[in-house]
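Shown next, in structure tokens, is the structure this report addresses.
Every chain is numbered from 1 and lettered A, B, ... according to where its sequence line falls, protein lines coming before strand lines. All of these numbers come straight from a predicted model, not from anything done at the bench.
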Number of protein chains: 2
Amino acid sequence: MSKVTIKTVAEHAGVSTATVSRALSGTGLVSPELRLAVTKAAEKLGYSGNTVARALRSSRTNAVGMVVPEIANPFMTDLVQEVEQSLHLHGIQLLLCNSRQDPSRERAALTSLIGRRVDGLIICPVDATSSFAGVEAAVQSLPVVQVDQRIEGLNADWVGVDDETAMRLIVEHLSSQGVTSAAFAGSKENDSSSKARLDAFLRHAGALGISVAKDNIFLDRYSVDCGRESMERLIRSGSLPNALVCAADIIAIGALQTCHAQKITVPDDLLITGFDDIEFANLCTPRLTTVRQPLKAIANHAVDILRSVHAEDDHAAVRLALAPTLVIRESSSARTHESAS
Amino acid sequence: MSKVTIKTVAEHAGVSTATVSRALSGTGLVSPELRLAVTKAAEKLGYSGNTVARALRSSRTNAVGMVVPEIANPFMTDLVQEVEQSLHLHGIQLLLCNSRQDPSRERAALTSLIGRRVDGLIICPVDATSSFAGVEAAVQSLPVVQVDQRIEGLNADWVGVDDETAMRLIVEHLSSQGVTSAAFAGSKENDSSSKARLDAFLRHAGALGISVAKDNIFLDRYSVDCGRESMERLIRSGSLPNALVCAADIIAIGALQTCHAQKITVPDDLLITGFDDIEFANLCTPRLTTVRQPLKAIANHAVDILRSVHAEDDHAAVRLALAPTLVIRESSSARTHESAS
DNA sequence: TTGTATGCGTTATCAC
DNA sequence: GTGATAACGCATACAA
């Protein structure tokens, strides 16, 4: 039982609690001999410190909260992992909450984390509109940075991928493969990243003379099922476009699965592209052409912003769109077909 | 800025801080009218409560820590997700740490979480031997339950899958498919689950007359690469066994990929089975035969144990091995080959 | 039923 | 340099 406090240590070392605190925290001046005595006593007693008391007194917890809408998408867990790693480098603990696509749960998570007095908040908002109030409230009491998803009209920092560039890379690549018609599968419209991707997709497709039928734009969720259903509807419609562009790898993987089941050959009958470059994009058959998100950079920047924003009240919100990388694999390119990993 | 405390609320409601505390926490008797006055004042002031202070005073944080060796394996994230959900039902917050397969990081995480005064700890130990000291120390200061991996010789609760039954199901299935020789790919030996799976595999294979060449037992890590390399070595050896049994889906998926690249047809040339039933086991080509872990049950039991063990010092350690489910798909069975999802 | 007063373990502000 | 001592915000034993 860790019933040993600085008071215990102080008694054993023959000094005051103040000196113990100074010696152990490194702050403040302490003579070398006393510092040694304190250190030894602490070691001997197995003193470990009470983070809760420290937090109450100093109002710093060395913890940041993260709220994500979905932990089932590998992209999200990869991002969480990078954030965790980045925080770890600064000795900061991650408190993870899952909002499960539910704005009310999201709000509860924010409240809970703020009550725990985390030093900052990293959030991937569930919904561009219904998340507004909760996140706005959070912004007023501590540093908050949005990742991936963002809420329009909210004065809060955001770090994510450059969807515009990403879609340009994809569309240009498809065009170079001879694609003249394409479909799109993504998340619902009030999902900021899917919306940005769709907009950019349509713009670049138009510029390069790629036709996109209105009925061939499928908006549902970032899920495997969404990909399956989109592909099924495409097949049922009778005529396939040259390509299906997906706003997430898991959507593309669902589409691939339906193609396989329905004997549609990718990329011969149809090209398919994803988004994110999750690990399985490189493991499915055929391997998936996609754009890689700079996850480590996103995580690092998010953490840096959090650490730099010491509640400087109204600094202009930062919007950091980081460059993605096009990763060409077999699902969109005959040239690399069957090439080794 | 949340500078409003129970003192503020007390002044506005014209009562003492004690009454505010009682009214808001629900504990202790408060007259209806005062309760209402307090509630209204709290509402009006936007009082949110300070979890840190509450924790220091009551020495309960309503948070439990979880330390996992790897967040990249979908199996782990699925487990984390279930635990998060189960805790949420009890209003408990999850503090997640990633030990990254490093015993020293694991130990640091434990120390940090204990310092934060979490109410309990859920841990998937990195290593059956080098994790011992750290986990043992943790067990002495708060309730700890191990999940998935376990440390032998440690008097700590554990919840996981019944590896013995799982391997019996797999081997019996393979035997029924006419398999008479098999290989095994798993994690290193001081990984308790892989070890249990290997032992059970060898025992049941022996009982059913399935031969296993010593050179065909590959022990590395729970990773896609491990599967790739195992399969490559199998191919290089010149003669393939009838089946490759993997101790994790991601290993099997790596093996499948190598098969695909090297023009080895599964299940015609070789049957492959996985373990865990991660989502992608049902998305790869061919779809993977595997055993499904009862993740929700594992998570629920782990949380229940944590909540019931109120530091009753030396209760005998619980070992809860929950039943898995065999999931037969195309990678091991011609019968279901090409059947729809 | 309500208020007063104390302490949880630490850090920070004073004096010395 | 070092030591008392006062907060930090809340919960509770005790008194009223």
In whole Å, what is the span from the [atom1] atom of [X] to the [atom2] atom of [N]?
{"X": "Leu29(B)", "N": "dT1(C)", "atom1": "CG", "atom2": "P", "answer": "5 Å"}
{"X": "Arg117(B)", "N": "dC8(C)", "atom1": "CZ", "atom2": "C1'", "answer": "11 Å"}
{"X": "Arg116(A)", "N": "dG9(D)", "atom1": "CZ", "atom2": "P", "answer": "18 Å"}
{"X": "Lys7(B)", "N": "dA7(D)", "atom1": "NZ", "atom2": "C1'", "answer": "10 Å"}
{"X": "Arg60(A)", "N": "dT10(C)", "atom1": "CZ", "atom2": "P", "answer": "18 Å"}
{"X": "Glu33(A)", "N": "dT2(D)", "atom1": "CD", "atom2": "C1'", "answer": "12 Å"}

Handout entry: Lys3(A) side-chain N/O to dG9(C) phosphate OP1/OP2 under 4.0 Å
Key =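 Yes, such a contact exists.
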Handout entry: Contact under 4.0 Å: Thr5(A) side-chain N or O vs dG9(C) OP1/OP2
Key =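 No, no such contact exists.
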Which residues share a salt bridge (charged side-chain N to carboxylate O under 4.0 Å, His left out) with [X], sequence neighbours left out:
{"X": "Asp119(A)", "value": "Arg60(A)"}
{"X": "Arg221(A)", "value": "Glu70(A)"}
{"X": "Arg150(B)", "value": "Glu152(B)"}

Practice task
Output every pair passing side chain to side chain donor-acceptor pair (under 3.5 Å) with a member in residues 17-39 of chain B, not counting sequence neighbours, ordered by first then second residue.
Solution key: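 Only Ser16(B)-Thr19(B) qualify under side chain to side chain donor-acceptor pair (under 3.5 Å).
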Practice task
Could you check Asn155(B), Ile151(B), Val144(B), Leu154(B) and say which one makes a side chain to side chain contact (heavy atoms under 4.5 Å, CB included) with Glu136(B)?
Solution key: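 When side chain to side chain contact (heavy atoms under 4.5 Å, CB included) is applied between Glu136(B) and each of Asn155(B), Ile151(B), Val144(B), Leu154(B), only Leu154(B) qualifies.
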Problem - With Ala41(B) via side-chain contact (heavy atoms from CB on, under 4.5 Å) - residues at least two apart - result: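 For Ala41(B) the side-chain contact (heavy atoms from CB on, under 4.5 Å) partners, ignoring immediate neighbours, are Val9(B), His12(B), Ala13(B).
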Exercise for the section: Answer yes or no: is there a side-chain heavy-atom contact under 4.5 Å between Leu95(A) and Gln93(A)? Expected result: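 The answer is yes, as the side chains (C-beta and beyond) meet within the 4.5 Å cut-off.
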Would you be so kind as to tabulate the donor-acceptor pairs closer than 3.5 Å made by side chains of residues 77-84 of chain B, with sequence neighbours excluded?
unit_1	atom_1	unit_2	atom_2	d
Thr77(B)	OG1	Pro74(B)	O	2.9
Glu82(B)	OE1	Lys296(B)	NZ	3.2
Glu84(B)	OE2	Asn98(A)	N	2.9

Exercise for the section: Indicate, with a heavy-atom threshold strictly under 4.0 Å, whether Val20(B) touches base, sugar-phosphate, or nothing. Expected result: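 Result for Val20(B) = nothing.
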Exercise for the section: Tell me what Val52(A) touches on the nucleic acid: a base, only sugar-phosphate, or nothing, going by heavy atoms under 4.0 Å. Expected result: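 No contact.
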Practice task
Kindly write out the residues that satisfy side-chain hydrogen bond (donor to acceptor under 3.5 Å, both in side chains) with Gln293(A), not counting sequence neighbours, or none if the list is empty.
Solution key: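 Expected list: Asp276(A).
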Handout entry: Degree of bending in the helix from dT1(C)-dA16(D) to dC16(C)-dG1(D) once both end axes are built from five pairs, to 10°
Key =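 Result, rounded to 10 degrees: 40°.
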Handout entry: Leu56(B) vs Ser16(B), nearer the 5' end of DNA chain C by closest nucleotide
Key =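 Its nucleotide being nearer the 5' end, the pick is Ser16(B).
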Handout entry: Footprint string (nucleotides 11-16 of chain D, 5' to 3'): B base within contact, S backbone only, - free, heavy atoms under 4.0 Å
Key = BBB---
Handout entry: Per Asn50(A) side chain, nearest of listed nucleotides dG3(C), dT2(C), dG9(C)
Key =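 Closest of the options to the side chain of Asn50(A): dG9(C).
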